[in-house]
Number of protein chains: 2
Amino acid sequence: MTLDNRKSKILESIIRDYVETAEPVGSRSVVRKHNLRISAATVRNEMADLEDMGYLEQPHTSAGRIPSEMGFRYYVDCMMQKETLDDSELELLQKILNENIGEWSDIVSKVGNFLSQVTNYASFVIVPSIKLSEFKNIQIIPIANGKAMLLVVTDVGVLMHRQIDIPTSIASEELQLIGKAFTRVLSGTRLEEMRRNELKALREDLKNRRKVIDKVLEAVDIMMQGSRDESVVISGALNILNEPEFKDLEKLKRILTILEEDVLLKQIIPDPISEEVNITIGKENKAEDIQEMSLVIAGYNNFGEMGKIGVIGPVRMEYWKAAGTVESLRNILDQVLSKKYF
Amino acid sequence: MTLDNRKSKILESIIRDYVETAEPVGSRSVVRKHNLRISAATVRNEMADLEDMGYLEQPHTSAGRIPSEMGFRYYVDCMMQKETLDDSELELLQKILNENIGEWSDIVSKVGNFLSQVTNYASFVIVPSIKLSEFKNIQIIPIANGKAMLLVVTDVGVLMHRQIDIPTSIASEELQLIGKAFTRVLSGTRLEEMRRNELKALREDLKNRRKVIDKVLEAVDIMMQGSRDESVVISGALNILNEPEFKDLEKLKRILTILEEDVLLKQIIPDPISEEVNITIGKENKAEDIQEMSLVIAGYNNFGEMGKIGVIGPVRMEYWKAAGTVESLRNILDQVLSKKYF
DNA sequence: GTTAGCACTCAACTGACGAGAGTGCTAACA
DNA sequence: TGTTAGCACTCTCGTCAGTTGAGTGCTAAC
C-alpha cells in the first residue's frame with residue numbers, strides 16, 4: 001500500500017519531528033515547522049486517516065500523534081533517503097584510518113568507534129570466526145630461558161601468538177625443527193578440519209620432545225577454542241543514556257547489560273538478510289530483550305565469512321543517518337579487508 | 001577523639017543499617033535490630049550527641065540519622081574489621097586462577113572481574129608502564145611473503161609483537177642478522193633511556209636494508225608510546241546502576257562516563273599513600289567528579305613499579321567487605337607477579 | 001475538498017490535607 | 001546522675017481535587 005503525496009509529506013514531517021523531540025507531534029506544529037500550504041484542520045483529517053491505516057498512534061486522545069513501528073517501516077521502505085557522511089565526518093574517518101594501525105583488529109575497533117560517534121547510537125562490529133582459512137606455518141621462537149613464543153600463521157595472517165614454557169635444555173634449532181614438523185602436518189589444513197589424530201601421530205613421532213609438543217598442542221587447542229567464536233566490538237553503549245525513552249532505570253539496566261556483555265549481544269544480533277543495510281524496527285526483532293530497540297545492520301566480507309556491522313538504538317532513531325553511515329562503513333571494511341594479507 | 005563503647009556500638013549499628021537500606025536510620029530500629037539493652041530514648045540522646053560531634057547527620061528534623069563522611073571515616077579508622085573472602089569465594093578465585101591463562105595481562109583482567117563480582121562495586125586494576133625493565137632481544141620472524149613478525153623481549157617478558165611489512169626479496173637469515181644488530185644496540189638499555197641517536201647510528205650501519213630498519217624503528221616507536229602509558233582494566237561499572245544514590249540520570253551519566261573511559265579513570269585514581277589498603281571517602285577525594293564516591297585502593301608490586309587495584313562505589317559502601325577483598329587480591333597479584341618471568 | 005470555530009479530553013501541574021515516621025523535650029524513675 | 005516513658009512537634013510522602021493548556025474531532029461555512 002502506498003500513500004498519496006500529501007499523506008507521505010505529513011508522515012515524514014511527524015517522523016522527523018518526533019525523532020528530534022521525542023514528543024507527540026500535533027497538527028499545528030506540523031504545519032508550522034514544515035510550512036505546508038494547508039491548514040492544521042486538514043492535517044488533522046489526514047492524521048486521523050494515517051492513524052486508521054496504522055501508521056500513527058495516539059498516546060491518549062488529547063495528545064499529538066507519534067509514528068507507529070509500522071509508520072517507521074513505511075518510511076524506511078518507501079521514503080527514506082540514506083544520508084551520507086558529510087565532509088567533516090569523512091575527514092575524521094580518513095584521519096582515523098590513516099593513523100598507525102598495527103593489527104587489523106585495530107581497524108575494526110576504530111571503525112566501530114567512529115560509527116557510534118557519528119550516529120550517537122551504540123555500535124557493534126562482529127568479526128566472524130575464520131573457519132575458512134588454512135594453516136600456513138607454525139613457528140616456535142625462543143625468547144628466554146625456558147620461554148618461547150609460539151606463532152601460528154594462517155593464510156589470512158597471524159592467527160595466534162602465545163607464550164609457552166619449554167624445557168631449558170632445548171636448543172633453538174630443535175625448536176625450529178619441531179615447528180617445521182607441525183607445519184608439515186597442519187599446512188593446508190582448514191581450521192575446522194584439523195584432525196586430532198594427525199596431531200596425535202605427530203606426538204608419537206617426536207617422542208623425545210613430548211613436553212614441548214604437549215605445550216604446543218595445548219596452546220593450539222586454546223587457539224582453536226578462541227577462533228571458534230566470533231568476536232564482538234561494542235562502542236558507545238552509554239549513548240542510550242541520552243535517549244529519553246530509557247529514563248526508566250530498569251529498562252536502562254536491561255539494555256546496558258546486554259550492550260556491555262559480548263555474549264548477550266551476539267545472541268541478539270540476527271544475521272542480516274543480505275549484505276546490504278538491513279533495518280529491523282522494535283517488535284520486528286526476534287529477541288525479546290530488544291523489542292523496543294531498532295537495529296541497523298549490514299554484512300561485510302571478512303575473509304570469506306560474513307561479518308556484521310551496525311548500530312542499535314531506540315525505535316525513534318535517525319534511520320536516514322544510521323543507514324547511510326552503516327552503509328559507508330560496511331563498504332570501507334569490505335574494501336580494507338579485501339586487500340588479503342598474503 | 002575516641003568514642004565510648006555505647007556510642008561506638010550505636011554508630012556502627014547506624015552505619016550497618018544505612019549501608020544496607022540506604023535509608024535514614026531511626027532510634028527505634030537501632031534498638032530493635034541490634035537488640036541493645038537500652039531504650040530508644042537513650043539512643044536518641046546518644047544520636048544527638050553523635051550528630052553534635054559530626055559523625056551523624058539528619059536530612060531533615062523528622063527523619064532518622066545517616067552517617068556523615070566523618071562518621072564513615074571514624075568507623076573505617078577505629079572500628080572496622082576487614083572481612084575476608086569466604087570459602088565459596090576463595091574456591092571461585094582458585095578456579096579462576098587455575099584456568100588457562102595465556103599472557104599475564106589475562107590474570108589482571110580476571111582478578112579485576114572477580115573483585116567487582118564479589119564486592120558488587122566497580123573495580124579497577126591499573127598496570128603501570130614498565131619503565132624499569134631492560135631490552136633483552138629483538139627478533140624478526142618472516143611469516144609470509146612481505147610480512148614479518150617483530151618481537152621485542154624485555155627482562156620481564158614479551159613487551160610487544162607486531163606485524164611489519166618487509167621487502168619480499170629479503171632472506172630469513174638477513175632478518176635474523178638485523179634482529180641481532182638491534183639486540184646488540186639495545187640490549188641492556190632501560191626503556192626510558194633508549195637513545196634515539198644510537199638507533200640512528202644503527203640506521204646508518206645497515207644502509208642497504210634501510211627499509212626494514214625503518215619499519216622496525218617505526219614499530220619500536222609505537223611500542224614505546226604504548227608502554228609509556230599505564231593501562232587500566234575496569235570491571236562491573238554497571239554495578240552502580242543498583243545503587244539508589246545514582247537513580248538520578250545526570251549523576252549516573254557523569255559517573256558511568258568516567259568509569260567507561262580509561263583515560264578519565266586514570267586521572268581520577270590517586271596514588272595510594274602506601275601499598276596497604278587505602279580508603280578515601282567522598283569529599284576526601286581530590287578529583288571533583290568523584291566526591292560522592294569512595295575509593296578502596298591498594299598498591300601491588302608490578303615488576304618494580306607500583307600497580308593499583310581497587311574498587312569505586314558510593315560513600316555508602318560496605319567498606320569492611322571491600323577492604324578485605326581488595327587486600328586479598330592485592331596479595332595475590334603480588335604473589336603471582338613476584339614469580340619473575342625470566 | 002478545505003478551513004474556521006468550538007466543545008471536549010486528558011496529562012501535567014498545583015496546593016491542600018492527612019498519615020506516618022521520627023524527633024526533642026520534659027518529667028518521672030532507679 | 002543516667003535512663004526511660006510520654007507527648008507534642010516537625011517534616012516527608014502520597015493522595016486528591018482543581019486548574020491549565022495542548023491538542024483533538026466534529027460541524028458548518030466557504
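A, B, ... follow the sequence lines: proteins, then strands. Residue 1 opens every chain.
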Within the structure, does a side-chain N or O atom of [X] lie under 4.0 Å from either OP1 or OP2 of [N]?
{"X": "Arg32(B)", "N": "dG22(C)", "result": "no"}
{"X": "Thr42(B)", "N": "dT4(D)", "result": "yes"}
{"X": "Thr61(B)", "N": "dT23(C)", "result": "no"}

Nearest whole Å is fine: how far is [N] [atom2] from [X] [atom1]?
{"X": "His60(A)", "N": "dG25(D)", "atom1": "NE2", "atom2": "C1'", "value": "15 Å"}
{"X": "Lys7(B)", "N": "dT3(D)", "atom1": "NZ", "atom2": "P", "value": "9 Å"}
{"X": "Asp49(A)", "N": "dC26(D)", "atom1": "CG", "atom2": "C1'", "value": "14 Å"}
{"X": "Glu23(A)", "N": "dG21(D)", "atom1": "CD", "atom2": "C1'", "value": "14 Å"}
{"X": "Arg28(A)", "N": "dT3(C)", "atom1": "CZ", "atom2": "P", "value": "14 Å"}
{"X": "Ile10(A)", "N": "dT24(D)", "atom1": "CD1", "atom2": "P", "value": "12 Å"}
{"X": "Gln58(A)", "N": "dT24(D)", "atom1": "CD", "atom2": "P", "value": "7 Å"}
{"X": "Glu51(A)", "N": "dG23(D)", "atom1": "CD", "atom2": "P", "value": "15 Å"}

> Can a salt bridge be assigned to the pair Glu292(A) and Lys283(A) using a cut-off of 4.0 Å between side-chain N and carboxylate O?
Replying inline: no
>> Check this for me: does any side-chain nitrogen of one of Arg65(A) and Glu57(A) sit under 4.0 Å from a carboxylate oxygen of the other?
In response: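 Judged by the 4.0 Å cut-off on N to carboxylate O distance, Arg65(A) and Glu57(A) do not form a salt bridge.
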>> For dG5(C), does the base pair up with any side-chain atom of Arg44(A) as donor and acceptor (N or O, under 3.5 Å, distance only)?
In response: yes
>> Let's test your reading of the model: under 3.5 Å, does the base of dT9(C) pair with the side chain of Ser62(A) as donor and acceptor?
In response: yes
>> Using heavy-atom distances to pick each residue's nearest nucleotide on DNA chain D, tell me which of Ile38(B) and Gly26(A) is more 5'.
In response: Ile38(B)
> Do other residues, nucleotides or ligands put more than 12 heavy atoms under 6.0 Å from the CD atom of Glu91(A)?
Replying inline: no
Which one is paired to [N], where only Watson-Crick or G-U wobble pairs with both distances under 3.5 angstrom count?
{"N": "dG15(C)", "result": "dC16(D)"}
{"N": "dC10(C)", "result": "dG21(D)"}
{"N": "dA28(D)", "result": "dT3(C)"}

> So what does Ala63(B) hit on the nucleic acid, given a heavy-atom distance under 4.0 Å: a base, only sugar-phosphate, or nothing?
Replying inline: sugar-phosphate
>> Can you confirm whether Val311(B) sits close enough to Met317(B) that some side-chain heavy atom of one is under 4.5 Å from a side-chain heavy atom of the other?
In response: yes
>> Once you measure the plane-to-plane angle for Trp320(A) and Tyr75(A), does it fall in the parallel (<30°), tilted (30-60°) or perpendicular (>60°) bin?
In response: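 It falls in the perpendicular class, over 60°.
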